[in-house]
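The figures here come from the full heavy-atom set of this structure, side chains too, leaving out hydrogens, waters and symmetry mates. Order of the sequence lines sets the chain letters (A, B, ...), proteins ahead of strands, with each chain counted from 1.
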Amino acid sequence: MRQRSTFLFSVLCFGFAFFYIPIISMIIYSFNKSRLATVWGGFSVDWYFKLFQNAQIIKAATLSLEIAVISATFATILGTMAGMALARFSRFRGRTLFSGLVSAPLIMPEVITGVSLLLLFVFMERYFGWPAKRGFTTVTIAHTTFALSYVAVIIQSRLLSMDQSLEEAAMDLGSKPWQVLFDVTLPIIAPAMISGWLLAFTISLDDVVITNFTTGPGATTLPILIWGKVKLGVTPDINALATLIVLVVSIGVGLAGYLMYRAEKKRDRDIQMALAANK
Amino acid sequence: MAGVAPQRSGPAPQELELPGGKSGFRNWLDRQAWRDIIIAVPYIWLILFFVAPFIIIIAMSLAKSVIAQPPFKFDETWPYVTFENFERLFSDYVYLRGYLTSLRNALIATALCLLLGYPMALGIARAKGVWRNILLLLVILPFWTSFLLRVYAWIGMMGSNSWFNRGLTSLINVFLPAASEINSVPMMNSNFAVILVVVYSYLPFMILPLFANLEKLDYTLNEAAMDLGSRPMQVFRDVTLPLSIPGIVAGCLLVFIPATGELVIPSLVGNAGDPMIGRVINDEFSLNRHWPMASTIAVALLMLLVVPIMLYNRMQEKASEGVK
Amino acid sequence: MGIENTGKAWENPTTAPFIRIESVTKKFSDFIAVNNVSLDIYKGELFALLGGSGCGKTTLLRMLSGFESPTEGRVWIDGQDMTSVPPYERPVNMMFQSYALFPHMTVEQNVGYGLKHEKLTAAQRKDRVKQMLDLVQLSQFAGRKPHQLSGGQRQRVALARALSKQPKVLLLDEPLGALDKKLREHTQFEIMNIQEKTGITFVVVTHDQEEAMTLSTRIAVMDKGVIRQTGTPTEIYEFPKTKFVADFIGSINQFAGTVKSVTRDKATIACADWGGEIDVSRDASVDVGHNVSVAIRPEKISINKKAPAKGLNAVEGKVIDLGYFGKDSLYRVKLPSSALVRVNRVNDQRGRETERVAQWEDKVWLSFEPSAAILLKD
């Protein structure tokens, strides 16, 4: 027993070293004075200042955020509906196809999705005249489409673990189905919808391949910009940008984790007190 | 007494089947409309933006390439379509090699992910209380940071001047005779680099389903096996491993399928002379502007992956039924 | 309890039933959950649907609440055809097995939720909520969320919520299922009190026969989608009509035999397992030569070292098992035919192990009155 624990412990150490050493190395080199990204030339925070003066990067980041907010919102609405349809309606025409359509984008190689969406947009432009050109709209539609699957999976599993008699109780007390939806179902799955939104937001913010195919001139998102720069080699300003992103994400995830932990603790305490009071 | 889990006797009713009676618009609105809307809206969206593109890409794979805007054309006489792209796919070794390179890289990367991910997932699942959550968070954290930047981090590590490469070089030189000492390890722009970065990027996709599976395993089963005289390794072989097969399959599919079609990693760190198929599609599309050929390669890739994708979808279906 | 107050409405042919279930069948694809069930329930009753899991009792309840629609047949409540009325328009409320308290609402909001749809002023609504919370003695918990309550308190919130709309019928799905043993008895009486106070017709679904027996005015025993017998708890226990009901309720010894002779008030049955003939008081017609079962409850058999008086059905056997439960003991006695008979004896005398009526391996006499046995045809 003891021996295997040691083995698992060493693998964990190795695994986490593997995860974090490249990231830490990248962070350290973001403070490198030298222009040559891989040779240490002394400490400096110049690259961070340069980053904030780079209008191109600021513009791309703004565009990425805009697309991410809009597509995450649409994906949450559509994904919640899809998750609900899958979790609550066991029989409707084309359910098997629908369930396949919802889960396929999760695993489909992005190149295929990207190429096919691009062809669709080319056709739409040609035959319907909308969207007139590729850019903001097409990228937002593309992101919504594949992010909605992630939301749907989260919502579906939340609904399946939710006691269905809650909805029945509301209906029993006189609420019509759509009132039940707004009074009971949505408030209860709200946390799952928030996680879904955050996931959709991150996925959109991070996407390279599908954006690469569906975007057009003038609509360069941050990942597309980085992708273009990285193709040319390693530069210290990207190190700085990466460091900032890692920092924001770590703080965000850490804070969310802490808040969830605290809420759970409080809940546990409440339950304990309720049980003790009734003894 | 806290256990107030709903236990229905008899067959669980699959879905509310409200009695239908009165007709009229209000009644339809109350009873049927909310259901119809919830199903129809995402359904139509997915048909429009997921099914339609597929039909178009399949049609495109049967078109001829021309130098024009847009760069394709269908035959004007019956049967209007051509199979010349598919003929080329099988006759031109470039494409066949692309598929083989992709499959090989994805298989090796999946195997490495499993070898490293399984003990990690097991270690996290066996960790106590707060530690388990912290370790899990540490796995998820890189997953939330930009994928592109994680690839980028390795580019910095693998370059011939980097501290990592130089360290590795001196380490290797210790074992080499002085005459054949090397200046640096040629890591960048190789399939080795591709596999390394794929493992790095996709490892969380292996660990998370495995963890979800291993965490649910009842540890008293292990204790029962030990009680009956099995040694720890035998317990692992006889109990833990067989019970974690669904997690292994899910993790492997989640790594293998996207890795096969990977584009970013081979473009940034791969060998341009032996590209993976994702890169071939992209080059065919963007550089050669040969849309029909790119579509053909994509359709064939999908055919190649259709079995694992169906397998994964089936597993998802089963898992969600299991929750019910 | 309730029986005396409500009168035996079901025995009065002029009383119209309050709930009428008319040849109702419910199929789930090819599984028949409820098979051609007809049942009348009267105003003010506390009626129990009793049966094992999968017997169709929950499906029947869900057809009363409107969550399932019958494949065939009709459901009437208070003279109105409810068959195609959706749950949100039925004058029926339900207390769910899981309680189904809305986790994001306080106790007060939970209880007041159903009143949202009624035409009440804010003051009236507040008043009604207060009245309901007083009824279940939870007024001081009005501001709490469900997870801050104990199991028993949650159960009472669920009850108050279901009563808040003053329904014509209250449906209770395994109302005591999630409570621990000590709380059960208390809650049982509370439910009966509330039923008496409000006069609402209660329909309870339960798999627990003790719960059904103590709570209800009448019980319907269900099995495989069919009602096997309907009657008061006493009728069900003392006068079961079929082997299934006799076996399902409590514990019973059954001996197969053939009718040898019939007199005006008695039948004599030849029983190989008993090792002779058994005289049984006759309350149904049987003919000579019929195959029947003689059923006798363990507590109706007396166990003695000495041979009993004449006129009783008696047999000698050997004690092979003895279970001591405190208030009573269970003896398992092997007859010469090697049949096993279970006998219950109340430990009405205080004493040590050695002072028991019989010990392991003791030879004992078993006996019972002809009127104590039940004759079951099959």
Near [X] [atom1], under 6.0 Å, is it more than 12 heavy atoms from other residues, nucleotides or ligands?
X        : atom1 : answer
A:Glu264 : CD    : no
A:Glu66  : CD    : yes
C:Gln80  : CD    : no
A:Tyr150 : OH    : yes
C:Gln124 : CD    : yes

What part of [X] gets within 4.5 angstrom of chain A, counting heavy atoms only: side chain, backbone, both, or neither?
X        : answer
C:Leu101 : backbone
C:Phe102 : both
C:Met105 : side chain

Give the minimum heavy-atom separation between A:Ile188 and C:Pro103, together with the two atoms involved.
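Between these two residues, the closest heavy atoms are CD1-CD, 3.6 Å.
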Does a side-chain N-to-carboxylate-O contact under 4.0 Å join A:Asp183 and C:Lys116?
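Between C:Lys116 and A:Asp183 there is a salt bridge, with a charged N closer than 4.0 Å to a carboxylate O.
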C:Arg62/A:Glu168 salt bridge by N-O under 4.0 Å criterion
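The answer is yes: the pair qualifies as a salt bridge.
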Do C:Tyr113 and A:Ser175 touch side chain to side chain, with heavy atoms closer than 4.5 Å?
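SC-SC contact between C:Tyr113 and A:Ser175 confirmed.
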Side-chain contact test, heavy atoms from C-beta onward, threshold under 4.5 Å: evaluate it for C:Tyr88 versus A:Gln179 and give yes or no.
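Side chain of C:Tyr88 against side chain of A:Gln179, heavy atoms only: no contact under 4.5 Å found.
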Below 4.5 Å from any heavy atom of chain C, which atoms of A:Arg267 appear? Answer side chain, backbone, both or neither.
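The answer is both parts of A:Arg267.
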Which region of A:Ala170, side chain (C-beta onward) or backbone (N, CA, C, O), has a non-hydrogen atom less than 4.5 Å from a non-hydrogen atom of chain C, or is it both or neither?
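Looking at A:Ala170, backbone and side chain both touch chain C.
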Within the 3.5 Å criterion, strictly below it, is a donor on C:Tyr99 or A:Ser165 matched to an acceptor on the partner's side chain?
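No donor-acceptor contact under 3.5 Å links the two side chains.
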Distance only, no hydrogens: is a donor on one side chain within 3.5 Å (strictly under) of an acceptor on the other, for A:Asp172 and C:Ser65?
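On atom types as modelled, these side chains do not qualify, holding no pair under 3.5 Å.
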Nearest 0.5 Å, please: how far is CE in A:Met273 from NE2 in C:His147?
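That separation rounds to 10.0 Å.
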If you measure from CD on C:Gln148 to CD1 on A:Ile271, what distance do you get to the nearest 0.5 Å?
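Atom-to-atom, C:Gln148:CD and A:Ile271:CD1 are 9.5 Å apart.
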Indicate yes or no for a side-chain donor-acceptor contact from C:Lys165 to the backbone of A:Leu173 under 3.5 Å, with no hydrogens or angles considered.
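Yes: the side chain of C:Lys165 pairs with the backbone of A:Leu173.
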